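Some notes on the structure that comes next.
Just so you know, residue 1 is the first one in the sequence shown, and it goes up from there. Note that the structure is predicted; figures quoted are calculated from it, not measured. The analysis underlying the following values was restricted to heavy atoms, covering all of them including side chains, and did not include hydrogens, waters or symmetry mates. Every number for a ligand or one of its atoms is a count from 1 in the order of the listing.
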Amino acid sequence: MTASLIDGKELARTLRGRIADEVTRMGAEHDVVPGLAAVLVGDDPASKVYVGMKHRDCGEVGIASRMIELPADTSQDDLEDVVAGLNGDDDIDGILVQLPLPDHLDARRIQELIEPAKDVDALNPYTAGRLAIGDPTFLSCTPYGVLELLAHAGVDTVGAHVVVIGRSNLVGRPLSNMLTLKGRDATVTLAHSRTRDLAAVCRTADVVVAAVGRQALVTADMVRPGATVIDVGTNRADDGSLVGDVDFDAVAEVAGAITPVPGGVGPMTRTMLLQNTLEAARRRRGLV
Ligand code: GUN
């Protein structure tokens with residue numbers, strides 16, 4: 001392997017240490033304990049694991065977390081009532097409704113109801129709009145984690161060509177917006193399933209971010225020697241192991257720096273949720 005490894009697990013550990021210190025300080029100086037509520041509807045096994053990890057992460061850094069598990073047949077009205085209750089609950093600084101929701105529920109409507117001051121997942125269209133135009137707001141957790149990884153790896157995005165593959169509202173779209181804002185100043189190509197000659201587009205990139213959810217989507221011939229490769233994908237390989245969207249072994253022989261899966265973007269996403277919850281507590285309680 002010639003590429004240097006961008007270690008998300010280690011960076012996440014460092015950032016969590018800082019978050020824990022800050023939570024301790026807030027408690028000592030202001031008697032404030034930041035609070036996160038995570039709402040899980042139904043029995044999706046992966047969602048259960050994710051929410052469980054978020055709950056554990058909170059415990060590690062001293063954030064109070066409330067897990068609200070609702071049955072799969074929860075009605076839209078009942079879920080809206082739960083969100084409204086959390087909006088009005090002074091102990092709760094951040095609200096997260098785990099996706100995907102069961103098909104009969106209107107996820108967009110639920111996201112619209114989350115109080116922007118508590119929208120630590122940055123999925124309310126109001127938050128997403130502010131983010132797109134560069135107004136201060138919470139940053140979506142995965143894109144925020146990607147930016148932190150790039151900074152940690154010493155990758156300067158100013159004037160760089162970044163190819164983001166995947167136009168999801170959770171990752172690709174907000175990340176491409178964030179990268180083009182003043183200060184980050186990247187030239188961004190947001191590629192997707194209808195992009196013509198994706199390989200040729202990727203070969204022009206200084207940074208490739210793969211966020212599609214397809215194993216081995218990015219192969220070595222698609223990466224310019226020395227380019228940085230960030231793998232947001234999480235897929236199950238035939239042998240059950242967790243793999244990203246990048247053909248890691250082959251791409252690591254070409255790239256200048258690369259994130260692994262697991263241990264790259266994943267731990268950073270969870271850490272940025274903690275960071276946003278801390279930030280929400282600061283702002284809501286006038287501690288900024
Ligand atoms: N499901 C998968 N990733 C996420 C996320 O970042 N936020 C929420 N709410 N649901 C998810």
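No hydrogens or angles considered: nothing links the side chains of Asp135 and Thr137 as a donor-acceptor pair under 3.5 Å. Between the side chains of Asp77 and Ser75, no donor-acceptor pair of N or O atoms lies under 3.5 Å.
Looking at ligand 1, you won't find any N or O of Leu123 less than 3.5 Å from one of its N or O atoms. Residue Gln98 places at least one N or O, backbone or side chain, under 3.5 Å from an N or O of ligand 1.
Closest to atom 1 (N) of ligand 1, if we only count protein heavy atoms, is Leu99 O, 2.9 Å. Considering only non-hydrogen protein atoms, atom 4 (C) of ligand 1 sits nearest to Leu170 CD2, 3.7 Å. In terms of protein heavy atoms, atom 8 (C) of ligand 1 is closest to Asp121 OD2, 3.1 Å.
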Step by step, would you call Thr228 with Ile6 a side chain to side chain contact (heavy atoms under 4.5 Å, CB included)?
CA-CA 9 Å; Thr228 301; Ile6 308 175; 4.0 Å; yes
Let me see the working for Arg283 and Glu279 under salt bridge (Lys or Arg N to Asp or Glu O under 4.0 Å), right down to the final yes or no.
CA-CA 6 Å; Arg283 289 188 208 164; Glu279 190 58 36; 3.4 Å; yes
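Interatomic distance, His161 NE2 to Thr204 OG1, rounded to the nearest 0.5 Å: 4.5 Å.
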